[in-house]
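All values below come from the heavy atoms of this structure, side chains included, with hydrogens, waters and symmetry mates left out. Keep in mind that what you see is a predicted model, and the values were worked out from it rather than measured.
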Amino acid sequence: MTMSSHAGELLEFPGELGPARTTALSANALGCFQQGLARLQAGESGPAVLLLKQSVEMAPAFADARIFLGIAHSLSCEIYPAIDQLEKATELEPDSFVAQYALAQLYFKLRIVEKGYERAECALRCVTNIEQRKMLTQLLREEKARERNGIPRPSFNKPFSTPALFIAGSGLAVAVVAILLHLH
């Protein structure tokens, strides 16, 4: 399933933005958020990014704006800003299923599998209804199928051994000396 099809599921997710959470926001921040959300739902990720950025600038602690800004960035292929916004949203609201789910989904799409599973576990702890559980189950099912059918990828999470570092360092030193000798 594509990122945009999952993003559509996130946008339709019920009950995440309640009245208690919107009362502390300025009308301008909330207005930009709602306009950005409408643009995102219309498939216009570029304009959505601009509007959601404005909302975040006016209300930096507004986690929902950061979540959907992260989604808009990811749909615009702006991966690092997407990760930054989603990570910040999970810091602001660690119990937000949508934030944890969106970040897990993005990590899986980027093939950062370990972080994807970590966020999926966090999302599981945040589940409050059957729809959320179904969404998470489907995401994990898709990831398991991708792992079964794909090429194994290195995780790069183990430190290099001392002999490997010594060999790499020696090779680098020889290359530098050869370049310096060639220049003179």
Side-chain angles (χ1 to χ4, degrees), residues 1-112 115-116 118-120 122-143 146:
M1 203 174 270
T2 65
M3 179 66 79
S4 58
S5 64
H6 278 297
E9 292 174 28
L10 290 177
L11 296 176
E12 296 168 13
F13 193 78
E16 277 298 307
L17 183 63
R21 290 173 51 191
T22 60
T23 55
L25 297 174
S26 72
N28 289 337
L30 189 56
C32 286
F33 171 74
Q34 291 169 338
Q35 290 173 25
L37 198 56
R39 292 292 181 114
L40 193 56
Q41 288 174 325
E44 301 170 0
S45 60
V49 165
L50 297 174
L51 288 162
L52 292 166
K53 270 187 186 178
Q54 289 177 359
S55 181
V56 166
E57 288 170 1
M58 290 182 256
F62 187 15
D64 289 318
R66 289 188 181 275
I67 292 167
F68 291 105
L69 178 56
I71 291 169
H73 274 305
S74 68
L75 294 174
S76 298
C77 300
E78 299 166 344
I79 301 306
Y80 291 116
I83 291 171
D84 290 344
Q85 291 301 322
L86 291 170
E87 287 281 353
K88 184 65 177 175
T90 62
E91 289 172 18
L92 290 170
E93 292 198 19
D95 295 331
S96 169
F97 171 80
V98 174
Q100 300 291 352
Y101 176 88
L103 193 52
Q105 180 185 42
L106 182 58
Y107 281 140
F108 284 142
K109 296 293 181 189
L110 295 173
R111 305 303 306 138
I112 307 172
K115 285 189 175 187
E118 287 174 15
R119 290 304 174 164
C122 293
L124 181 61
R125 289 191 294 271
C126 300
V127 167
T128 59
N129 61 47
I130 192 72
E131 288 83 19
Q132 291 174 344
R133 187 172 292 279
K134 286 179 182 177
M135 287 173 63
L136 187 57
T137 300
Q138 180 63 29
L139 179 66
L140 292 171
R141 189 175 295 133
E142 289 172 2
E143 181 54 33
R146 199 172 8 257

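- To the nearest 0.5 Å, the span separating NZ on Lys88 from CG on Leu69 amounts to 13.5 Å.
- Rounded to the nearest 0.5 Å, atoms CG (Leu50) and OG (Ser45) are 10.0 Å apart.
- Checked against side chain to side chain contact (heavy atoms under 4.5 Å, CB included), Gln35 has the following partners two or more places apart in sequence or in another chain: Leu51.
- By the salt bridge (charged side-chain N to carboxylate O under 4.0 Å, His left out) test, Arg119 pairs with Glu87, sequence neighbours left out.
- Side-chain contact check for Val127 versus Phe97: some heavy-atom pair is nearer than 4.5 Å.
- In this structure, Gln105 CD and Ser74 OG are separated by 7.5 Å, a value rounded to the nearest 0.5 Å.
- In this structure, Leu40 and Leu75 have side chains that are in contact, with non-hydrogen atoms separated by less than 4.5 Å.
- Separation of atoms CE (Met58) and CG (Leu30) is listed at 10.0 Å; rounding is to 0.5 Å.
- A salt bridge (Lys or Arg N to Asp or Glu O under 4.0 Å) check over residues 71-86, counting only residues at least two apart or in different chains, returns nothing.
- Rounding to the nearest 0.5 angstrom, the gap separating the CZ atom in Phe68 from the CG atom in Leu86 is 10.0 Å.
- By the 4.5 Å heavy-atom criterion applied to side chains, Arg146 and Phe108 are counted as neighbours.
- Ion pairing of Glu131 with Lys134 is absent here, as no side-chain N (NZ or NE/NH1/NH2) approaches a carboxylate O to less than 4.0 Å.
- Applying the salt bridge (Lys or Arg N to Asp or Glu O under 4.0 Å) definition to pairs two or more places apart or across chains, those involving residues 40-49 are Arg39-Glu44.
- Taking CD1 of Ile71 as the start and OG of Ser76 as the end, the distance is 12.0 Å to the nearest 0.5 Å.
- Leu52 and Gly36 get closest at one heavy-atom pair: CG-CA, 4.0 Å.
- Side-chain contact between Arg133 and Leu124 is present, with at least one heavy-atom pair separated by less than 4.5 Å.
- Side-chain N or O atoms of Ser55 include one that pairs as donor or acceptor with a backbone N or O of Ala29 at under 3.5 Å.
- In this view, Arg141 and Gln138 satisfy the side-chain hydrogen bond (donor to acceptor under 3.5 Å, both in side chains) rule, not counting sequence neighbours.
- Although no hydrogens or angles enter the test, the distance criterion places a donor-acceptor pair under 3.5 Å between the side chain of Gln100 and the main chain of Pro94.
- Looking only at side-chain heavy atoms (C-beta outward), Phe62 and Leu92 stay at 4.5 Å or farther from each other.
- Pairing each heavy atom of Ala65 with each of Val56, the nearest pair is CB-CG2, 3.8 Å.
- Contact check for Ile67 versus Ser96: side-chain heavy atoms found under the 4.5 Å cut-off.
- In this view, Thr137 satisfies the side-chain hydrogen bond (donor to acceptor under 3.5 Å, both in side chains) rule with no residue, not counting sequence neighbours.
- Proximity of Arg66 to Pro60: side-chain heavy atoms (C-beta onward) are separated by under 4.5 Å at one or more points.
- Here the side chains of Glu143 and Arg111 are in contact, with some heavy-atom distance below 4.5 Å.
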